[in-house]
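What you are looking at is a predicted structure, and each value in this text was computed from that prediction instead of being measured. Each chain gets a letter, A, B and so on, in the order the sequences are listed, and its residues count up from 1.
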Amino acid sequence: MTLCRGAAMDVYGARILPAKQAREREMTIPRLRFAPSPTGYLHIGGARTALFNWLWARKTGGVFVLRIEDTDTQRNSRESVDAIFTAMRWLGLDWDEGPQDGDDLGGGPHGPYFQSKRLELYRQFADRLIASGHAYRCYATKEEIDAQRMALPEKQRDGFRFVSPWREKTAELDRPHVVRFKTPTTGEVVIDDMVFGAIKTAVSTVQDFILIRENALPLYNFGCVVDDITMGITHVARGRDHIINTTPQILLYQALGEAIPAMAHLPMMMATKSEKLSKRHGAVSVTEYRDQGYLPDGLLSYLVRFGWAHGDDELFRKERLIELFDWSKVSKSDGVYDFKKCRAINQKFLAKMTTDDELRLGVVPFLRARGLAVRDDHPRLADAIRTVRERSETLVAMADALDYYFRAKPEMDEAAAQKFFTAESAVPLQNLSEFAEANVRDRADFEGGFLEEHTRLDALFRAFVAERGLEMKALGQPARVALTGRTASPDLASVMLVLGPAVSALRLREAAERAAASPSATTDGPTTP
RNA sequence: GGUCCCAUCGUCUAGCGGUUAGGACAUCGGCCUCUCACGUCGGUAACACGGGUUCAAUUCCCGUUGGGAUCACCA
């Protein structure tokens, strides 16, 4: 059969109208899915795929299904399933149907949602295909297949396609066998892809692929199609590496007489132009980002721009993404993942896209991880965060920047202490201690907000420095080390304001005492001209 | 090698026939400055190449080159 242009026919003579079928389905309700296999952590590439599916479901009022493709018994684990749940929940990608903790079957009307619990279904569909002549039992052994391959000249072995002697037979023997699809010998499959457009492949390039393995478990392409059909999936969006699978899958839909879902293949995330992104390139597991103090929407803001864009926008909250997302803006070319940019996006997200409350709640676990018993309603927490929020790339960094505010004594950078707590700095530090005691107000006594109070104290601080004939440059670092234990921090007025009068004065006084006991700075001698 | 796909600064991208080709990260320099950041101002930096189509191509078509995906009883 040859294909006539303009009126695409499938290999069984039916018109191919996947787009139209998809449109018809869309008039009901879109159903999308994310179908990871539990072989480890949730990869950020998988998260991107899940996100696109989730966005379309949420945008259209559709249904988002989570299905676990656990037919590779060698590599699956229960921990991986939990890891996927954890990561999805942290990202805020909730599913309407799918497994829940401790409930492998429930979660919706199309369950079970673990492929390993749907084996009977695959059996039924396989029988259906055998009965209709679209599939056959193949009793060929591995040895026979290898023999056929080895009989070929070496150059042709690469693209070897097994031709089974059982293809035309219907005998049912009591011997181990697989079920193979009886791939048509002619024709063309057209994928009507929402991202790539029409992708045409000659059916002759597809071999009689296995539907059901000898161990009765389905192989990916078959399980996937049976599930997508029985779960009523209307849109399939997955990585571009699946394009090769889509051709045999479409053949399956056609043989089964089922509507083909709308397809979207997404560009891949690479580590370099020529390497797939993997663990050795850096953080690829979603939970690693959580642990490093990324915000879910911060990470998602970076991931969504991978193959999709809305002009120059870079920071998105989910609600905005749901509004903006559209398949027509998805690009075709692969991209290289940039950890630095990801971090920078998270920093901007932290600085600009989060409320004080979100930050407060978000940073507390990281503070506790540092051994600081800070509760999220700590009276100084909100002000403290205000002083560091624009300088932190992650919540981990933020917790670090917050450390000295909540420690009885700051962890002292000894090298800095020796450098700055000199005999010369003793008196200025003592004076500043007195200044702090007299001028820094307790939070409860602020007349305006933090900003107004800061303006007031900063002015007083500057006046104090000028009156004493001191220089900011000379006093700044000794005072900073005294107050924070480090050489880098927010401005001193901010620090003192958060610390309050008593603590500020105490830390400065103790530093002054230590300075008084130190030898004078051994520089090049008197600096007087 | 077969089949399929892709191609704008180093990177992510905007652009959908006429633009000084824009933004962000990175990078370089200035400013701000009590430190580190933030911020801010500015610089370097791209349409892979060759043919068409068109009054006009980054944009449409073809080819070349380059890159990627995949060729399992993995998913």
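As rounded to whole Å, 17 Å separates atom P of rU13(B) from atom CG of Leu324(A). Summarising the geometry, the separation between CG on Asp228(A) and C1' on rA75(B) is reported as 14 Å, rounded to the nearest angstrom. For the pair Arg238(A) CZ and rU70(B) P, the interatomic distance rounds to 13 Å; values are reported in whole Å. The distance between atom CD of Gln347(A) and atom P of rG39(B), rounded to the nearest whole Å, is 7 Å. Rounded to a whole Å, the NE2 atom of His242(A) is 18 Å from the C1' atom of rC6(B). Per the geometry, CD1 belonging to Ile199(A) stands 16 Å off P belonging to rA69(B), to the nearest Å. In this entry the distance linking CG of Asp227(A) with C1' of rA75(B) reads 13 Å, nearest Å. Atom pair Phe162(A):CZ and rG2(B):C1' shows a separation of 20 Å (rounding to whole Å applied).
Heavy atoms of Glu390(A) sit under 4.0 angstrom from primed sugar atoms or phosphate atoms, though from no base atom. At the heavy-atom level, Thr487(A) lies under 4.0 Å from base atoms of the strands shown. Within the 4.0 angstrom heavy-atom criterion, base atoms lie near Arg462(A). Pro36(A) comes within contact range of no nucleotide atom at all, as no heavy-atom separation falls under 4.0 Å. At a threshold of 4.0 angstrom between heavy atoms, the contacts of Arg486(A) with the nucleic acid are absent. Within the 4.0 angstrom heavy-atom criterion, no nucleotide atom of any strand lies near Gly239(A). Within 4.0 Å of Lys329(A), counting heavy atoms only, lie sugar-phosphate atoms of the nucleic acid but no base atom.
Across rU59(B) and rC16(B), the matching P atoms stand 13 Å from one another, rounded to whole Å. Separation of the P atoms belonging to rA14(B) and rA57(B) is 24 Å when rounded to the nearest angstrom. The P atoms of rC5(B) and rC62(B) are separated by 11 Å, rounded to the nearest whole Å. Taking atom P in both rC6(B) and rA48(B), one finds a spacing of 15 Å when rounded to whole Å. Taking atom C1' on both rG50(B) and rU13(B), the two are 27 Å apart, rounded to the nearest angstrom. Between rC25(B) and rC41(B), the two P atoms lie 12 Å apart (nearest whole Å). Separation of the P atoms belonging to rU33(B) and rA21(B) is 37 Å when rounded to the nearest angstrom. As rounded to the nearest Å, rU8(B) and rA37(B) have P atoms that lie 34 Å from one another.
In this structure, OG on Ser425(A) lies 11.0 Å from CG on Leu470(A), to the nearest 0.5 angstrom. Note that the OG1 atom of Thr484(A) and the CG atom of Leu499(A) stand 9.0 Å from one another [nearest 0.5 Å].
Checking Ser331(A) against Thr141(A), the closest nucleotide of RNA chain B that is more toward the 5' end is the one next to Ser331(A). Mapping Asp312(A) and Arg480(A) onto RNA chain B by nearest heavy atom places Asp312(A) at the nucleotide closer to the 5' end.
Here rC60(B) sits opposite rG52(B) as a Watson-Crick or G-U wobble pair (both hydrogen-bonding atom distances under 3.5 Å). Using Watson-Crick or G-U wobble geometry with both donor-acceptor distances under 3.5 Å, rC4(B) finds its partner in rG68(B). Nucleotide rG29(B): paired with rC41(B) (Watson-Crick or G-U wobble, both distances less than 3.5 Å).
Closest approach to the Asp491(A) side chain among rC34(B), rA75(B), rG23(B) is made by rC34(B) (side chain taken as heavy atoms from C-beta onward). Comparing rC34(B), rG23(B), rA75(B) against the side chain of Gln477(A) picks out rC34(B) as the nearest. The side chain of Phe196(A) approaches rC5(B) more closely than any other nucleotide in the set rC5(B), rG23(B), rA14(B). Side-chain atoms of Leu219(A) lie closest to rC74(B) of the nucleotides rG67(B), rA24(B), rC74(B).
For the 3.5 Å distance criterion, the side chains of His310(A) and Asp326(A) fail to qualify, holding no donor opposite an acceptor.
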Using atom names, set out every protein N or O paired with an N or O of nucleotides 7-11 of chain B below 3.5 Å, distance rounded to 0.1 Å.
unit_1  : atom_1 : unit_2    : atom_2 : d
rU11(B) : OP1    : Lys273(A) : NZ     : 3.1
rU11(B) : O2'    : Val336(A) : O      : 3.3

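In this structure, Trp327(A) and Phe52(A) have perpendicular ring planes: the angle between them is above 60°, well past the 30° mark. Taking the six-membered ring for Trp and thresholds of 30 and 60 degrees, His177(A) and Tyr139(A) have ring planes inclined between 30 and 60 degrees apart. Ring geometry, Tyr302(A) versus Tyr337(A): the interplanar angle exceeds 60°, so the pair is classed perpendicular (tilted spans 30 to 60°).
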Problem set entry | salt bridge (charged side-chain N to carboxylate O under 4.0 Å, His left out) between Arg386(A) and Asp383(A), worked out | CA-CA 5 Å; Arg386(A) 207 188 304 266; Asp383(A) 284 343; 3.3 Å; yes
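Residue side chain Asn221(A) does not reach the base of rA75(B) through any donor-acceptor N/O pair under 3.5 Å, judged by distance alone.
Counting heavy atoms of neighbouring residues, nucleotides and ligands inside a 6.0 Å radius, atom CD of Glu434(A) exceeds 12 of them. Counting heavy atoms of neighbouring residues, nucleotides and ligands inside a 6.0 Å radius, atom CD of Glu414(A) exceeds 12 of them.
OP1 or OP2 of rA75(B) has at least one side-chain nitrogen or oxygen of Arg213(A) nearer than 4.0 Å.
Salt bridge status for Asp313(A) with Arg305(A): absent, with no side-chain N to carboxylate O gap under 4.0 Å.
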